[in-house]
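One structure, pasted below without further comment.
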Amino acid sequence: MRVPGKVNLALRVGARREDGYHELATIFQAVSLYDEVEASLGEGVTCEMLGTQAHLVQVGDNNLAVRAACLLAERFNVTDGVHLVIDKRIPVAGGMAGGSADAAAALLACARLWGVDASFEDLVSLGATLGADVPFALMGGCALGQGRGEVLTPVLSRGTYSWVLAFAHQGLSTPAVFRTLDDMQERVPESMRLASHPPMPADVMRALTTGDPTILAPTLVNDLHAPALALAPSLATTIRAGQEAGALAALLSGSGPTIAFLVSDEYAATDLAVNLSSQGVAREVRVVSGPVSGATVIEEK
Ligand code: C5P
């Protein structure tokens with residue numbers, strides 16, 4: 001199973017809800033950076049992580065893919081076990097929903113392995129209980145996310161956009177970024193605080209219908225930019241380097257710290273990636289494009 005990471009082309013945040021979550025209006029775009037998840041029959045639910053950041057991920061009962069497999073087994077009375085092998089390429093705690101991607105892939109892979117009679121919609125609603133970004137990892141493409149980000153509506157998107165991703169040395173905790181946003185809110189005058197319902201990113205949706213990155217670039221917006229930069233100030237250097245090297249826009253991906261630079265085409269992407277790599281302003285630099293499909297089977301067992 002191959003499952004993509006995402007960037008949020010718009011991430012508008014509303015006030016904190018009673019359940020601690022924030023009401024969102026976000027535009028997700030799945031991009032061509034994939035984790036691979038392989039499921040085989042096993043004893044209980046076990047997980048093994050591969051890749052350069054494997055040591056940063058717990059593989060026990062708290063792992064989101066393990067929880068996904070357990071939840072599916074419980075809901076559909078499955079007695080078989082599974083061994084999951086996850087090849088991690090989406091940065092860990094990077095704001096690209098890598099953990100959610102693995103959970104989405106685990107749901108699909110286990111449903112196939114165990115022959116569970118679950119519809120795609122069943123998996124999407126199970127996924128939503130595991131994390132706000134899991135439904136989008138199943139769906140892929142380009143979508144408007146509302147509620148906690150899990151209420152999805154497909155968005156019309158023309159063409160393919162080229163991005164350069166700059167991965168940071170340290171991850172950022174999503175709850176910590178939202179908490180910092182809340183703290184910052186308390187210090188601004190009431191008239192400047194977040195509305196209970198975030199604004200609809202209509203200009204991003206309009207721009208996506210043109211297929212023109214120069215029209216999309218000025219519409220990109222992320223309300224988590226200020227709190228993420230407050231927690232990781234060195235991101236300003238990465239952003240400036242990309243802007244000075246000619247990126248059309250620099251965007252924090254989700255709650256960060258990954259920075260996504262929008263460029264005009266794949267050639268500009270290669271140039272920018274070489275430039276950023278040589279300046280050493282990121283742990284790793286990758287060229288990707290989007291939108292791409294959600295979790296997909298790549299191999300028959
Ligand atoms: O749903 P998920 O586990 O991915 O969310 C991680 C954390 O991010 C939540 O516990 C919450 O602190 C924060 N969050 C939020 N509002 C959202 C999504 C996430 O406050 N809409």
Side-chain angles (χ1 to χ4, degrees), residues 3-30 35 56-58 60-71 86 88 90-107 123-140 143-153 170-186 193-201 221-232 252-258 294-295:
V3 62
K6 56 84 189 166
V7 294
N8 301 75
L9 308 184
L11 182 45
R12 305 311 309 259
V13 182
R16 193 168 168 272
R17 310 192 312 203
E18 296 224 322
D19 63 2
Y21 276 88
H22 295 73
E23 200 66 27
L24 300 183
T26 186
I27 306 288
F28 293 108
Q29 185 182 88
D35 278 0
L56 299 175
V57 190
Q58 293 180 14
D61 293 349
N62 279 334
N63 181 283
L64 211 52
V66 171
R67 284 174 48 203
C70 292
L71 187 64
I86 302 179
K88 260 223 139 317
I90 303 171
V92 174
M96 295 192 66
S100 299
D102 299 344
L107 285 174
L123 298 182
V124 167
S125 58
L126 271 187
T129 68
L130 293 161
D133 291 337
V134 180
F136 179 71
L138 285 164
M139 181 174 154
L144 168 69
Q146 292 173 283
R148 293 181 297 132
E150 86 289 17
V151 182
L152 297 176
T153 313
Q170 303 281 330
L172 271 180
S173 137
T174 301
V177 175
F178 275 102
R179 255 195 324 271
T180 305
L181 176 74
D182 294 339
D183 292 346
M184 289 174 132
Q185 285 289 300
E186 279 173 18
R193 291 201 188 142
L194 298 172
S196 57
H197 284 277
M200 193 57 93
V221 57
N222 188 338
D223 288 339
L224 296 178
H225 183 97
L229 263 84
L231 291 171
L252 182 82
S253 177
S255 58
T258 302

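Side chains included, hydrogens not; waters and symmetry mates left out as well; all remaining heavy atoms used. Remember, it's 1-based here, ligands and their atoms both numbered in the order they're listed. Just so it is clear, the model here is predicted, and its values are computed rather than measured.
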Q: Give the numbers and elements of all ligand 1 atoms closer than 4.0 Å to a heavy atom of Gly131.
A: 1 (O)
Q: Drop me the distance from Thr129's OG1 to Arg67's CZ, to the nearest 0.5 angstrom.
A: 8.0 Å
Q: Could you tell me which residues satisfy side-chain contact (heavy atoms from CB on, under 4.5 Å) with Met200, sequence neighbours excluded, listed by chain and number?
A: Leu144, Gln146, Met205
Q.
Pairs of nitrogen or oxygen atoms closer than 3.5 Å, one from Arg148 and one from ligand 1: do any exist?
A. yes
Q.
Out of all atoms in ligand 1, which are within 4.0 Å of some heavy atom of Pro175? Include the element for each.
A. 7 (C), 12 (O)
Q | Sub-3.5 Å N/O-N/O distance, His22 and ligand 1 | A | yes
Q) Is it true that Leu24 lies under 4.0 Å from ligand 1, counting heavy atoms only? A) yes
Q) Judging by distance only, is a nitrogen or oxygen of Ala132 under 3.5 angstrom from one on ligand 1? A) yes
Q) Looking at ligand 1, does Gly20 have a heavy atom less than 4.0 Å from it? A) yes
Q) Does the side chain of Thr258 come under 3.5 Å of the side chain of Ser253 through a donor N or O and an acceptor N or O? A) no
Q.
At under 4.0 Å between heavy atoms, is it the side chain or the backbone of Tyr21 that contacts ligand 1, or both, or neither?
A. both
Q | Main-chain N/O of Leu252 paired with Asn222 side-chain donor or acceptor, under 3.5 Å | A | yes
Q: Provide, to 0.1 Å, the distance between atom 8 (O) of ligand 1 and the closest protein heavy atom, together with that atom's residue and name.
A: Thr174 CG2, 3.2 Å
